[in-house]
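Reviewing the structure listed below.
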Amino acid sequence: MDHQQFILDNLKRILDVTDKSKAAELLKLVSEAGSTFIGGAGRSLLVSRFFAMRLVHSGYSVFMIGEVVTPAIKAGDLLILVSGSGGTATLLPFVKKAKEVGAKLVVISMKKSSAMADVADLVVQIGQDDSFPLVKGMPMGGQFELSTLVFLEGAISELIHAKGLTEEGMRALHANLE
Ligand SMILES: O=P(O)(O)OC[C@H]1O[C@](O)(CO)[C@@H](O)[C@@H]1O
């Protein structure tokens, strides 16, 4: 068995039924926001970090939830949560706080309805409701995490082309204390 091909085939199956127009809707909310706050749990958090870094390289004001220097979210800001289930208990207080202060909420999830999705301004559903059967070799949230990573990389490519961002310009915004 070709395990790399197996993974790529699964990601393609999921992304083929994902609504790609949601990428533009997501980017529009980021561009309209004061600052964008991003988070998730576990491997979903790691995927969200990939996206956050590229938004910084694209010139946006972005914070990861939970860093000691992360400021308060306020009206006009945007909260983006990556959560396959849309119900991870540790993230729900962030949803409540964002709503309380008048920030907008985007949930990137494999479910179109969940505790988070049901109160979101935008749900970016990766795949469809039946796109994530148990697959031996891609345990737990693996299918969601990797297909979300590719979806968000696609969104960044869309942004780069739309805004004419350059390699040099993005590199200049990359951390220089890394
Ligand atoms: O994406 P969800 O549903 O919020 O779940 C996050 C959980 O999934 C995992 O990423 C495992 O796949 C865990 O690390 C984490 O606890």
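FYI, side chains are in, hydrogens and waters are out, and symmetry mates aren't considered; it's all heavy atoms of this structure. We count ligands from 1, going down the list as the structure has it; atoms in each ligand are counted the same way.
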Review point. Judged by modelled atom types alone, do R54 and H57 share a side-chain donor-acceptor pair under 3.5 Å?
Key: yes
Only one of E168, E167, H174 passes side-chain hydrogen bond (donor to acceptor under 3.5 Å, both in side chains) with R171, and that residue is E167
Smallest heavy-atom separation, S44 atom then G84 atom, equals OG-N, 4.3 Å
With sequence neighbours left out, the residues meeting ring pair (Phe, Tyr, Trp, His ring centres under 6.0 Å) with H161 are none
By side-chain contact (heavy atoms from CB on, under 4.5 Å), S61 pairs with (sequence neighbours left out) S35, F63
Expected contact list for ligand 1 at under 4.0 angstrom, heavy-atom basis, is A41, G42, R43, S44, S83, G84, S85, T88, M140, G141, E145
Residue set satisfying salt bridge (Lys or Arg N to Asp or Glu O under 4.0 Å) with D129, at least two apart, ordered chain then number -> K112
